[in-house]
> 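The following block contains the structure, expressed as structure tokens.
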Amino acid sequence: MFKPVVQEEVTGCGIASVANILGKTYSEMKTIANAMDIHASDQSLWSDTQYVRRMLSGAGVETSEDEVPFESWDALPDLALLSIKHHQEEGKAFWHWVVFKRMDGQSFVLDSASYLPSNIRQDFDAMQPKWFIEVKNA
């Protein structure tokens, strides 16, 4: 198994999720993101999908055009960015980015939150995704 990337900033889940997909460290991905004028301190990183899409696209990774409503864990593609922990702040939607991955018939979620006892999660009932972005050619 591999070592999942843990976010090094409270708001760095988008950067960490992309790092998990691309096989980079948090600091490597942060340097790339910052060069693209994407910063963890920008709240838009967890309220807008364009930033994670730009980081993936910059690495040559294709994503689905739209956010697809979550229906079930079994219906997910083998690799996807998931939005969990949805909440509203001043009328604007925010969420936490995680990565869903299926390998050799085994499903798990890479959750970069630093407070978790394990960043590889299979407690699917505890997570409540609202939608996902398929990652096509990583």
> For residues Cys13 and Ser112, report the shortest heavy-atom separation together with the two atoms involved.
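The pair with the smallest heavy-atom distance is CA-OG, 3.7 Å.
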> So among Val6, Leu110, Val98, which one has a side-chain contact (heavy atoms from CB on, under 4.5 Å) with Asn20?
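Going through Val6, Leu110, Val98 one by one, the side-chain contact (heavy atoms from CB on, under 4.5 Å) with Asn20 is satisfied by Leu110 alone.
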> Could you tell me the separation between the CE atom of Met29 and the CE atom of Met55, rounded to the nearest 0.5 Å?
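That separation rounds to 5.5 Å.
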> With a 4.5 Å cut-off on side-chain heavy atoms, are Phe132 and Leu81 touching?
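Leu81 vs Phe132: side chains apart.
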> Taking atom CD of Glu71 as the centre, report whether more than 12 heavy atoms of other residues, nucleotides or ligands fall under 6.0 Å from it.
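No, because the 6.0 Å sphere around CD of Glu71 holds 12 heavy atoms or fewer from other groups.
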> Out of curiosity, does Ile120 fall in the hydrophobic cluster containing Leu76 (side-chain heavy atoms, cut-off under 4.5 Å, transitive links)?
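Result: no, two separate clusters.
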> If we only count heavy atoms from C-beta on, is the Val109 to Met127 side-chain gap below 4.5 Å?
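Result yes, sub-4.5 Å side-chain heavy-atom pair found.
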> Are Trp95 and Val68 connected in a single hydrophobic cluster, I mean Ile/Leu/Val/Met/Phe/Trp/Tyr linked by side-chain heavy atoms less than 4.5 Å apart?
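Different clusters.
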> Can Glu134 and Ser64 be counted as having a side-chain donor-acceptor contact under 3.5 angstrom?
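Looking only at side-chain atoms, Ser64 and Glu134 do not form any donor-acceptor pair under 3.5 Å.
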> Should we say atom CD of Gln88 is surrounded by more than 12 heavy atoms from elsewhere, each under 6.0 Å from it?
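Yes, because the 6.0 Å sphere around CD of Gln88 holds more than 12 heavy atoms from other groups.
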> If hydrophobic clusters are built from ILVMFWY residues whose side chains come within less than 4.5 Å, do Ile84 and Leu79 share one?
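Each belongs to a different hydrophobic cluster.
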> Would Leu56 end up clustered with Leu82 when hydrophobic side chains under 4.5 Å apart are linked, directly or stepwise?
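Cluster IDs for Leu56 and Leu82 differ.
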> Do Gln7 and Tyr26 have side chains that approach each other closer than 4.5 Å (heavy atoms only, starting at C-beta)?
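They are in side-chain contact.
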> With side chains defined as the heavy atoms from C-beta onward, is the minimum distance between Arg53 and Glu62 less than 4.5 Å?
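Sidechains of Glu62 and Arg53: no contact.
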> Would Val61 end up clustered with Val5 when hydrophobic side chains under 4.5 Å apart are linked, directly or stepwise?
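In one cluster: yes.
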> Measure the shortest side-chain to side-chain distance between Phe100 and Pro129 over non-hydrogen atoms and say whether it is less than 4.5 angstrom.
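Not touching, per the 4.5 Å side-chain cut-off.
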> Starting at OG of Ser107, measure out to CZ of Arg121 and round the result to the nearest 0.5 Å.
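If we round to the nearest 0.5 Å, Ser107:OG and Arg121:CZ are 14.5 Å apart.
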> Do Met103 and Phe108 pass the side chain to side chain contact (heavy atoms under 4.5 Å, CB included) test, and can you show the C-alpha distance, the side-chain angles, and the key distance before you say yes or no?
CA-CA 9 Å; Met103 289 174 44; Phe108 53 92; 4.0 Å; yes
> Any side-chain heavy atom of Ile133 within less than 4.5 Å of one from Thr49?
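Side chain of Ile133 against side chain of Thr49, heavy atoms only: contact under 4.5 Å found.
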> As a test of understanding, state which of Glu8, Glu9, His39 forms a side-chain contact (heavy atoms from CB on, under 4.5 Å) with Lys30.
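One option only clears the test, and that one is Glu9.
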> Would you call the rings of Phe124 and Trp73 parallel, tilted or perpendicular, where under 30° means parallel and over 60° means perpendicular?
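Ring orientation, 0 to 90° scale: tilted.
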> Mind checking the CG-CD spacing from Asp104 to Gln106? Nearest 0.5 Å is all I need.
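With rounding to 0.5 Å, CG (Asp104) is 8.5 Å from CD (Gln106).
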> Quick check on Asp125: does its CG atom have over 12 non-hydrogen neighbours (other residues, nucleotides or ligands) under 6.0 Å away?
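No, CG of Asp125 has 12 or fewer neighbouring heavy atoms, counting only those of other groups under 6.0 Å.
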> Just by distance, do the side chain of Asn119 and the backbone of Pro4 share a donor-acceptor pair under 3.5 Å?
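Between the backbone of Pro4 and the side chain of Asn119 there is no qualifying donor-acceptor contact (under 3.5 Å).
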> Answer whether the closest heavy-atom distance between the side chains of Lys24 and Ile32 falls below 4.5 Å.
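Side chain of Lys24 against side chain of Ile32, heavy atoms only: contact under 4.5 Å found.
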> Taking side-chain hydrogen bond (donor to acceptor under 3.5 Å, both in side chains) as the criterion, tell me which of Arg102, Lys136, Lys101 meets it with Asp78.
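Output: one option passes, namely Arg102.
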> Does some side-chain heavy atom of Phe70 sit less than 4.5 Å from a side-chain heavy atom of Gln128?
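No, their side chains stay 4.5 Å or more apart.
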